[in-house]
Amino acid sequence: MTTIKDVANEAGVSISTVSRILNFDDTLSVGEDTRRRVLEVAEKLQYKKRNRHVPKGGKKIGIIQWHSDKEELTDLYYLQIQYGIESKAASLGAGVEKLTFDSIDKSRVKGLSGMIAVGKFDKTEVMSLKSYDIPLVFIGENYLAYDCDSIRSDFESPVRKIIDRFIEYGIKDIGMIAGKETAVTEKQGVRDPRVSTFDSYLSEKGLFNDAFVFQGPFGPDSGFELMNTAIKQLGDKLPHGFLIGSDSMAVGVLRALQQQNISVPDRVSLISFNDVAIAKYTSPALTTVHVHTELMGKRAIEMLTDRIKEPKKVPELTVIATELMERESSL
């Protein structure tokens, strides 16, 4: 496993600085460039085999990111997917150009062999991307309704497995701290399958308690605030098990619990999602659901290549399985 020392050496900063940045320590006074460099290095070191050399005449693929650069740094999931795409593209000798929905136009699209859109796009945005009439693949949601090839992770199965795991360990009071996302253009809330699966599966078992569910933006600050709210509102009835919407939210959750001297995992077991680099460096290290972002990137490139070769082929949806990474934050 890549160590904090490895990250520090690559980023050119001290080990303590890396540790504090990876734990989203807001008392640390460093520039945004340094913070971004450390977070990006931590993720990139998971893709050591990446080869950025692009043979002359190689394809150029546009990666359309849904999040802004600032949002990427508070919830690293989409950044991790981007690196998965870049890793596979580089291995095939293809170049990539990172674009945002706001920055894309006909002049930026010219010269691209195709585009991979990463995130949660609303109807207006999907139709706008399709209007460029070049091969297009989406990662994040199912866009078959718009005749678009799509890739998403299976988040429903791990929610059920985590609930079963908690119950097996005698934990029947189970809470959730979930993230909320909103489409950029149409400002509509984005459905999170983890939340709906959590509600329905616990209801089937007669264990669902709406008072145990807290939602807010993704990111460490939101996780910190939501857990503090849960502690204040629930007191001694605070659930013994929590599903957390993302690793970055879990960093804030851990900080809130530690400040209140609530032991993890002895009093509260935490299981989060995504398995970004920071999950390995928290204390305790996070038990989390690993999303196979490199496989998602590989499949996106394959689907895009197929679409380039056969523009009229029937659109496909690929659902990628996830995997529970057992560490220290849960029983």
Side-chain angles (χ1 to χ4, degrees), residues 1-53 63 65 67-91 96 98 118 218-224 244-255 258 264 270-297 322-329:
M1 187 185 82
T2 302
T3 66
I4 288 181
K5 184 177 179 181
D6 296 329
V7 177
N9 289 340
E10 185 77 14
V13 297
S14 70
I15 292 174
S16 63
T17 296
V18 170
S19 179
R20 293 174 70 182
I21 288 175
L22 293 178
N23 283 280
F24 293 95
D25 184 346
D26 54 12
T27 66
L28 177 64
S29 179
V30 296
E32 283 303 307
D33 288 346
T34 300
R35 192 179 299 274
R36 168 171 284 276
R37 185 168 72 253
V38 168
L39 291 170
E40 288 185 341
V41 164
E43 291 298 336
K44 287 179 179 179
L45 285 178
Q46 298 188 101
Y47 298 98
K48 293 179 181 178
K49 296 180 181 179
R50 294 167 71 211
N51 177 7
R52 288 188 174 275
H53 175 67
I63 300 177
Q65 279 284 19
H67 271 180
S68 68
D69 286 347
K70 184 176 181 180
E71 288 171 321
E72 279 183 359
L73 292 185
T74 58
D75 188 60
L76 301 165
Y77 171 63
Y78 294 109
L79 188 65
Q80 193 183 52
I81 291 177
Q82 175 193 321
Y83 291 150
I85 298 169
E86 291 179 359
S87 177
K88 181 59 180 178
S91 72
V96 298
K98 181 182 173 183
V118 181
F218 282 98
D221 291 343
S222 176
F224 178 77
I244 313 297
S246 72
D247 298 327
S248 62
M249 291 188 86
V251 171
V253 168
L254 277 172
R255 188 164 69 243
Q258 288 165 353
V264 176
L270 304 177
I271 300 180
S272 57
F273 281 82
N274 300 339
D275 193 27
V276 297
I278 58 173
K280 305 173 184 67
Y281 304 119
T282 58
S283 181
L286 290 170
T287 297
T288 182
V289 175
H290 178 75
V291 178
H292 292 279
T293 51
E294 194 159 17
L295 180 57
M296 293 171 77
T322 51
E323 180 183 0
L324 184 65
M325 307 300 291
E326 298 193 28
R327 298 194 180 102
E328 301 165 354
S329 68

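The model shown is predicted, which means the values in this text are computed figures rather than measured ones.
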What one should report as the nearest heavy-atom pair of Thr282 and Pro284 is OG1-O, 2.7 Å
Which pair of non-hydrogen atoms, one from Asp247 and one from Asn274, has the smallest distance, and what is that distance?
OD2-C, 3.5 Å
Shortest non-hydrogen contact between Lys280 and Ala285, atoms and distance:
O-CB, 4.0 Å
Using every non-hydrogen atom in the two residues, find where Ser222 and Met249 come nearest and quote the distance to one decimal.
OG-CE, 3.9 Å
Measure the spacing between CE of Met325 and CD of Glu323 and express it to the nearest 0.5 Å.
5.5 Å
Positive for side-chain contact (heavy atoms from CB on, under 4.5 Å) with Val7, one of Val13, Val18, Thr17, Ile21
Val18
So how far is it from Lys98 NZ to Ile85 CD1, rounded to the nearest 0.5 Å?
11.0 Å
Ignoring hydrogens and angles, tell me if any N or O in the side chain of Ser329 forms a donor-acceptor pair with the backbone of Thr287 under 3.5 Å.
yes
Test side chain to side chain contact (heavy atoms under 4.5 Å, CB included) applied to Gln82 and Val118, step by step
CA-CA 8 Å; Gln82 175 193 321; Val118 181; 5.8 Å; no
Heavy-atom donor-acceptor pair, Ser246 side chain to Phe273 backbone, under 3.5 Å:
no
Give me the atom names and distance for the closest heavy-atom approach of Leu286 to Ser272.
CD1-OG, 3.9 Å
What residues form a salt bridge (Lys or Arg N to Asp or Glu O under 4.0 Å) with Arg20, not counting sequence neighbours?
Asp25
Nearest non-hydrogen partners of Gln65 and Tyr78, listed with the distance
NE2-O, 3.3 Å
